[in-house]
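A quick write-up on the structure given underneath.
By convention in this document, chain letters (A, B, ...) are assigned in the order of the sequence lines, proteins followed by strands, and residues within each chain are numbered from 1.
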2 protein chains.
Amino acid sequence: MNRKKPNTRIQQKNTATILEAALEVFSQFGFRGSTLDQISEAAGMSKPNLLYYFPSKEAIHATLLEELMETWLDPLHKLNADGEPRAEILDYVRRKLQMSRDFPRESRLFANEILQGAPRIGGAIQGELKDLVDEKSKVIEGWIEEGKIARVNPRHLLFSIWSLTQHYADFDVQVRMVLGGEHVDPFPDAEAFLDTLFTRLLDAHTA
Amino acid sequence: MNRKKPNTRIQQKNTATILEAALEVFSQFGFRGSTLDQISEAAGMSKPNLLYYFPSKEAIHATLLEELMETWLDPLHKLNADGEPRAEILDYVRRKLQMSRDFPRESRLFANEILQGAPRIGGAIQGELKDLVDEKSKVIEGWIEEGKIARVNPRHLLFSIWSLTQHYADFDVQVRMVLGGEHVDPFPDAEAFLDTLFTRLLDAHTA
DNA sequence: CGTGAGATTGACCGAATGGTCAAATAATTT
DNA sequence: AAATTATTTGACCATTCGGTCAATCTCACG
């Protein structure tokens, strides 16, 4: 009766396999640039079998984006108003950078969606994300008023954290090409750089 | 005889119209996600007419990317080793941000290409761009050694400038949604924020 | 073992895609 | 104005696309 929840082990395994393959493909080519044949090949099963587990290409994509939004908002949720301001923000930066390292495909999936005008997650952006940003901006504003961190535009501070950290996932290819060999791991240097950057930004003339 | 250069006025006008339309479409949907029908409709001419001026979909895309690379490298070229370090870098940031405001589609076209693994401009990235970055990194390194700016990783400094400025073009939709109304212009605040950010980053403990 | 529900796929469909071609139209030249 | 050349497009083609379907295969359970 319930068509949505995977019940048997086979169903669980296959939906997971499909979503994994779809993430690989969608994150690289975007929704319209990806084909069910690509996904089915990546998943190692026939195209009709994909559509046995998901009603359509769009349903697969939608499921991925749904899961993504949770993962995506989580690090910001953890920004604790009662914590030590500098440490809270620097930890947030580190968590976001870690996500770029560990889940680059998710980052690219998100980037693709936004690049195309957020046609499928515009609601979540204007709703959940905006609300969360409003809330956390007030927290940051409070820290500024208390003199705990230097004065900055809170919303643009968040934008800067997103862009700087996601850059290492979304533009990974460029980063590695510019740095030289492909064997190079940019992340240690990136973390050190971002640490320095945000420390200097937030500590400025805060004795 | 010469099939590459637009000679007559009609040719010049039409190739320009086509490239303009193609930029609009490719920048939103990426190469594989865009269709010749979309482009021909956006250009206000028939599909066979597109292919009268360009041999293929790929040729249109390639032409756009070629033009783009010049535009893209130009601001960094202007970073002057003999100028005042802080002003040079801040001017570079402002130029890049201005490009995000004035040429957001070019930025998205570039982002799409990199997201897909830079299959068509990988060469230019490993060649021209890497060389330019190597050169300018030495300049920045020199400024650091002279004590003109605070110590930072020059390459990651450049990455940070790219990511922060391009974010306002590539993620424009998200930025506007999070900030509230669509009538809001994020750029004045963005410029002020980036000014502050890089000033604090580069001035730190440089008496 | 048998059987029936669940899982899998080859063959196929209509629509869309990149691209061709011949015929028509508009400029340009003589 | 006639002839030549450049431009434009409707009709078409082969391929690929998302999706369907009927026919199989598999496997848990009696």
I'd like to know if [X] and [Y] make a salt bridge, using a cut-off of under 4.0 Å between side-chain N and carboxylate O.
X        : Y        : result
A:Arg94  : A:Asp195 : yes
A:Arg101 : A:Asp185 : yes
B:Glu141 : B:Arg155 : no

Nearest-Å distance for atom pair [atom1]/[atom2], residues [X] and [N]:
X       : N      : atom1 : atom2 : value
B:His61 : C:dG19 : NE2   : P     : 13 Å
B:Phe29 : C:dG18 : CZ    : P     : 13 Å
A:Ile18 : D:dG19 : CD1   : P     : 13 Å
A:Arg32 : D:dG18 : CZ    : P     : 11 Å
A:Arg9  : D:dT26 : CZ    : C1'   : 16 Å
A:Phe26 : D:dG18 : CZ    : P     : 8 Å
A:Asp37 : D:dC17 : CG    : P     : 6 Å
A:Ile39 : D:dG18 : CD1   : P     : 8 Å

Nearest to side-chain heavy atoms of [X], which nucleotide of [options]:
X       : options               : value
B:Ile10 : D:dT8, C:dA7, D:dT20  : D:dT8
B:Lys47 : C:dA7, C:dT17, C:dG19 : C:dG19
B:Tyr52 : C:dA7, D:dT8, D:dG19  : D:dT8
A:Pro48 : C:dT9, C:dT20, C:dT17 : C:dT9
B:Gln11 : C:dA7, D:dT7, D:dG19  : D:dT7

request  = Report yes or no: is there a donor-acceptor pair, N or O only, under 3.5 Å between the side chain of A:Lys57 and the base of D:dG19?
outcome  = no
query = Can you find a side chain N or O atom of B:Asn49 that sits less than 4.0 Å from OP1 or OP2 on D:dT7?
reply = no
request  = Indicate whether OP1 or OP2 belonging to D:dA6 is found under 4.0 Å from a side-chain N or O atom of B:Asn14.
outcome  = no
request  = May I ask you to say what A:Leu51 touches in the nucleic acid, namely base, sugar-phosphate or nothing, with a heavy-atom cut-off under 4.0 Å?
outcome  = base
query = A:Ser40 near the nucleic acid: base, sugar-phosphate alone, or nothing, with a heavy-atom cut-off under 4.0 Å?
reply = nothing
ask   = Mapping A:Thr35 and B:Met45 to their closest nucleotides on DNA chain D, which lands nearer the 5' end?
value = B:Met45
task = Apply salt bridge (charged side-chain N to carboxylate O under 4.0 Å, His left out) to the pair B:Glu20 and B:Arg105, showing each step before the final yes or no.
result = CA-CA 10 Å; B:Glu20 155 69 26; B:Arg105 297 175 307 178; 2.8 Å; yes
key: Closest approach of A:Phe29 to A:Gln38 (non-hydrogen atoms, all atoms of both residues)   = CE1-NE2, 3.2 Å
